[in-house]
Amino acid sequence: MTFFFAKGIYLLIILNAICLILESFKVLRVQYATFFQMIEEFSIVIFTLEFITRIIIAEKKNEKGWNSYVFSGYGILDLLSILPFYLPLIFPFDLRMLRVLRLLRLVRIFKLGRYSKSFKTINLILREAKPELLITAFIALVLVMLSSTLIFYAENEAQPDKFSSIIEAFWWSLGTLTTVGVADVYPVTPLGKFLSALIGVIGIGFVALPTGIISSALIDKVKEDKKDCIDCPNCGIK
């Protein structure tokens, strides 16, 4: 029963994501408004029942009571997935705020993390690689600040409108380090061009660093799962 319920929720989340995408087309939104509304109301009923059920289970099985679930990561996620539907019924909002609330429905796709093995694996990998990723993020921040300062002093006099402060240069440095680039802002002085080339090369390695960390952790996790499966006496694999 639990298996079929989990699969049903999984499919419902996917259906919600598809409907959200299709609703972005004005023609479909107008023509199938009733259908989209029915899917939304059906989803809200199911997600609300799931939320209430989990509160009741947490109250019975956990010493901290319902707080252990409601204030957990999944609890907050479940609440955010149904809140956009109920808030307009309680408080009057203008059209812009309603659009923001409707956008929050996208949060529902993160509920897949509870039901999908792939999402659980990714979540576990990110947790295990957290120290290395934090170090990478710190190094990135230092590099961005350093490059912003250097490019500001190199380009400020030549382009005071585009490099008016270190904060303005920060955006350029971030774009260059991530190899995205900023089309309308670029160095014109020899020193600025040299720094730009140097930062661009460093950026290639910077982008590859967290990718390598996550890839390495993923490979280790896959090998570990395969070993556990082979050693398991109940799965029938020898």
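Just so it is clear, the values below take in all heavy atoms, side chains as well, and ignore hydrogens, waters and symmetry mates. The structure displayed is predicted, hence computed values, not measured ones.
Put simply, F35 and I14 are part of the same group of oily side chains (I, L, V, M, F, W, Y) that touch within less than 4.5 Å, one to the next. L83 and L12 end up in the same hydrophobic cluster when Ile, Leu, Val, Met, Phe, Trp and Tyr side chains are linked at under 4.5 Å. In the hydrophobic clustering of ILVMFWY residues, with side-chain heavy atoms under 4.5 Å counting as a link, L143 and L191 come out together. Cluster membership check: W171 does not share its hydrophobic cluster with F152, using side-chain heavy-atom separations under 4.5 Å among Ile, Leu, Val, Met, Phe, Trp and Tyr. Clustering ILVMFWY residues whenever any of their side-chain heavy atoms sit less than 4.5 angstrom apart, transitively, puts L80 in a cluster other than the one holding V45.
Nearest heavy-atom pair, A169 versus F163, reported as atom, atom and distance to 0.1 Å: CB-CD2, 3.9 Å. Across every non-hydrogen atom of N16 and E40, the tightest pair is OD1-OE1, 4.1 Å. When all heavy atoms of F170 and M145 are compared, the pair lying nearest together is CE1-SD, 3.7 Å. Contact detail for I9 and E50: the closest heavy-atom pair is CD1-OE1, 4.3 Å. Considering all non-hydrogen atoms of both residues, A154 and T189 come closest at O-OG1, 3.4 Å. Residues C19 and I39 share a closest heavy-atom pair of SG-CG2, 3.9 Å.
Rounding to the nearest 0.5 Å places CG of L195 at 5.5 Å from CG of L150. Atom CG of L141 sits about 12.5 Å away from atom OG1 of T136, to the nearest 0.5 Å. Rounding to the nearest 0.5 angstrom, the gap separating the CD1 atom in I151 from the CD atom in Q159 is 9.0 Å. To the nearest 0.5 angstrom, S216 atom OG is 11.0 Å from E128 atom CD. One finds the CD1 atom of I44 at 7.0 Å from the OG atom of S81 (value rounded to the nearest 0.5 Å). Atom CG of L15 and atom OG of S43 lie 6.0 Å apart (nearest 0.5 Å).
Using modelled atom types, one side-chain atom of S24 and one backbone atom of I21 make a donor-acceptor pair closer than 3.5 Å.
Side-chain contact check for Y32 versus L22: every heavy-atom pair is 4.5 Å or farther apart. For the pair L28/E23, no side-chain contact is recorded, criterion being any heavy-atom separation below 4.5 Å from C-beta on. Contact check for K26 versus R29: side-chain heavy atoms found under the 4.5 Å cut-off.
In this structure, F42 places its CZ atom where only 12 or fewer heavy-atom neighbours from other residues, nucleotides or ligands lie under 6.0 Å away. The environment of CZ in F51 is crowded: more than 12 heavy-atom neighbours from other residues, nucleotides or ligands sit within 6.0 Å.
A side-chain contact (heavy atoms from CB on, under 4.5 Å) with Y69 holds for exactly one of I76, I57, D78; it is D78.
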